[in-house]
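I have placed the structure first, in the form of structure tokens, so that the comments after it can refer back to it.
Excluded from the calculations below are hydrogen atoms, water molecules and symmetry mates; all remaining heavy atoms, backbone and side chain alike, are included. Just so it is clear: chains get the letters A, B, ... in the order the sequence lines come, proteins before strands, and each one is counted from 1.
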Amino acid sequence: MSSSSSLYRRLHGLFAQNHKVTVKLNTDKPKTTSLTSTKPTSKLPDEQELQTIIDNFKKSSESPKFRNRIINYRTAIRRLKNNSSAIQDIFEHQKQYPEISNELFVSRLILLYGTAKMHEHARKLFDEMPTLKCKRTVFSFNVLLEACIRAEKYDIIRELFRELPEELSIEPDVVSYNTLIKALCKAGSLDSAVSVIDEMENQGIKPDKVTFSTLLNTYHESKKFSEAEDFWVLMQKKNVAADMGIYSVRLRGLVANNQVNEAIELFEEMGKKEIIPNAFSYNLMIKMYVDDRNWEEAKRWYVKMVENGRYPDSATFVMLIHFACDKDNLDFALELCKKSIDSNVTVHNATMQRVVNILAEHSKLEEAKELVNLAKSYKRFRYKLLLPWLHMRFMW
DNA sequence: ATAGGGTTAG
């Protein structure tokens with residue numbers, strides 16, 4: 001790096017510091033107005049606030065419209081943080097409404113108990129369903145399994161599987177088995193998860209793309225790439241209808257293991273099978289070359305993406321803009337920034353700022369200014385870009 | 001309706 005750029009950096013540092021002070025002087029509340037985004041500290045509600053949330057929720061629950069919107073329950077859970085007795089309080093309150101005999105409604109509550117890490121309450125509500133005049137099918141059984149996963153109680157799921165279907169005469173379906181597999185994967189028992197395939201086939205249930213997707217992904221996560229290979233072959237043998245998603249999982253695995261040729265091959269295979277690669281597929285290919293510092297190929301895949309009518313998204317722009325900056329390819333960096341604004345795609349503020357800075361560093365002041373102004377016209381996000389050159393001129 | 005798959009910078 002040249003000495004002029006290090007001078008620039010020092011000036012910029014000074015500038016940034018001064019700027020913060022100015023912000024503080026101009027406002028009465030300096031706590032959250034810093035340019036570097038500081039999240040407001042989320043504190044636990046005190047007793048008074050807690051009671052208000054509970055009372056308001058119960059009041060709102062009187063409206064059937066309110067009860068029909070799951071988002072209201074999710075919001076309440078979030079606001080109540082980990083206060084399980086408060087959550088139990090508002091959920092118990094729901095039992096007086098007719099929806100409590102609706103399997104979907106109760107299932108949502110069971111799932112939310114899981115989200116709140118209250119697996120015992122989830123189980124209790126499941127057990128109460130007959131008393132609540134609510135039918136209980138494999139659907140709510142699956143939901144109970146999922147609630148345990150959300151509560152990270154993986155070991156219970158095996159037991160539930162052994163105990164409940166027989167007791168309640170529920171036939172586990174493909175979703176039940178896929179959920180069991182997910183639980184075993186999360187618990188780190190990949191081998192037993194795989195053996196569930198045999199188990200389900202013995203019960204006459206065909207593993208599907210979700211089954212294979214979950215397992216393939218776990219192979220990749222535990223870096224067992226050659227086993228992932230065998231597993232992919234097994235999937236072909238089982239004639240599982242592949243889709244975009246499972247190809248994405250496979251492609252991600254190949255990229256993670258730096259199997260460049262195999263990744264290209266798979267990409268082409270997708271086209272032949274009429275699984276049209278989407279932006280995510282292209283991003284994977286671009287990322288592979290960006291990580292490899294191969295500018296030519298990264299750019300080639302970007303061009304290919306645009307030519308094939310896939311819209312570059314935030315990930316595409318951020319990856320390539322930084323790479324272009326690394327390579328001092330200012331024209332391309334600027335072009336990408338303009339295109340992102342033009343196509344209504346938001347990138348990180350720091351990414352856009354880096355291009356402004358690097359343009360200024362290379363005395364391309366007009367272009368830097370142009371970009372800052374262009375960013376001002378962007379409606380979906382308010383970029384906060386600084387024009388360092390103004391300040392440098394002032395210092396000189 | 002419940003189960004999976006998703007990135008990008010510092």
Side-chain angles (χ1 to χ4, degrees), chain A residues 36-37 68 70 102-112 114-115 122 126 135-150 157 161 170 172-186 193 196 200 205 207-221 235 240 242-253 255-256 275 277-291 298 302 305 310 312-326 333 336-337 340 345-355 357-358:
Chain A
T36 51
S37 72
N68 197 26
I70 177 74
N102 177 322
E103 189 176 18
L104 176 59
F105 183 81
V106 175
S107 294
R108 284 171 171 170
L109 297 185
I110 291 175
L111 272 179
L112 284 170
T115 308
F126 179 82
K135 74 171 170 170
R136 197 168 44 181
T137 68
V138 65
F139 183 85
S140 34
F141 170 67
N142 292 344
V143 159
L144 178 63
L145 299 179
E146 177 62 25
C148 291
I149 290 185
R150 293 195 187 175
I157 291 168
F161 226 88
I170 286 173
D173 62 7
V174 68
V175 177
S176 323
Y177 282 102
N178 286 344
T179 310
L180 172 63
I181 287 173
K182 183 166 79 161
L184 291 167
C185 286
K186 284 193 185 276
V196 174
M200 59 202 287
I205 292 162
D208 64 1
K209 53 197 171 189
V210 177
T211 319
F212 281 87
S213 178
T214 308
L215 288 164
L216 190 61
N217 210 25
T218 310
Y219 276 117
H220 295 154
E221 274 165 18
M235 191 186 87
V240 176
D243 67 351
M244 184 70 234
I246 190 126
Y247 266 89
S248 295
V249 174
R250 164 89 171 145
L251 195 59
R252 205 154 64 102
V255 170
I275 297 168
N278 60 13
F280 179 72
S281 331
Y282 282 99
N283 285 345
L284 281 172
M285 300 305 285
I286 294 170
K287 182 178 162 43
M288 183 167 72
Y289 288 113
V290 167
D291 289 348
Y302 167 74
M305 175 181 196
R310 299 292 112 186
D313 61 11
S314 166
T316 323
F317 285 122
V318 172
M319 266 189 305
L320 288 174
I321 289 170
H322 281 280
F323 197 21
C325 288
D326 291 345
L336 288 163
C337 286
S340 76
V345 174
T346 311
V347 301
H348 300 125
N349 195 76
T351 305
M352 200 65 88
Q353 182 67 59
R354 187 179 175 197
V355 179
N357 291 353
I358 208 164

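- In this structure, the CE atom of A:Met319 is 7 Å from the P atom of B:dT8, given to the nearest Å.
- If you take CG of A:Asp313 and P of B:dT8, they are 11 Å apart, rounded to a whole angstrom.
- Between A:Phe126 and A:Phe141, a ring centre-to-centre spacing not shorter than 6.0 Å is recorded.
- No contact: A:Arg250 has no heavy atom under 4.0 Å from any strand.
- If you check every strand for non-hydrogen atoms under 4.0 Å, A:Thr214 touches sugar and phosphate atoms only.
- A straight line from CG of A:Leu320 to P of B:dT8 spans 13 Å, rounded to a whole angstrom.
- Set against B:dA1, B:dG4, B:dT7, the side chain of A:Asn283 has B:dT7 as its closest nucleotide.
- Within the 4.0 angstrom heavy-atom criterion, base atoms lie near A:Ile246.
- Residue A:Asp173 is classed as having no contact, given no heavy-atom separation below 4.0 Å to the nucleic acid.
- An aromatic stacking contact between A:His322 and the base of B:dA9 is absent, as defined here by ring centres under 5.5 Å apart and ring planes under 30° from parallel.
- Across all strands, A:Val249 comes closer than 4.0 Å only to sugar-phosphate atoms, never to a base (heavy-atom distances).
- A sub-4.0 Å separation between OP1 or OP2 of B:dG4 and a side-chain N or O of A:Lys209 is absent.
- Between the CZ atom of A:Arg136 and the C1' atom of B:dT2 there is a distance of 16 Å, rounded to whole Å.
- For a distance-only test at 3.5 Å, the side chain of A:Ser107 fails to qualify as a donor-acceptor partner of the base of B:dT2.
- Distance, A:Ile149 CD1 to B:dA3 P: 9 Å, rounded to whole Å.
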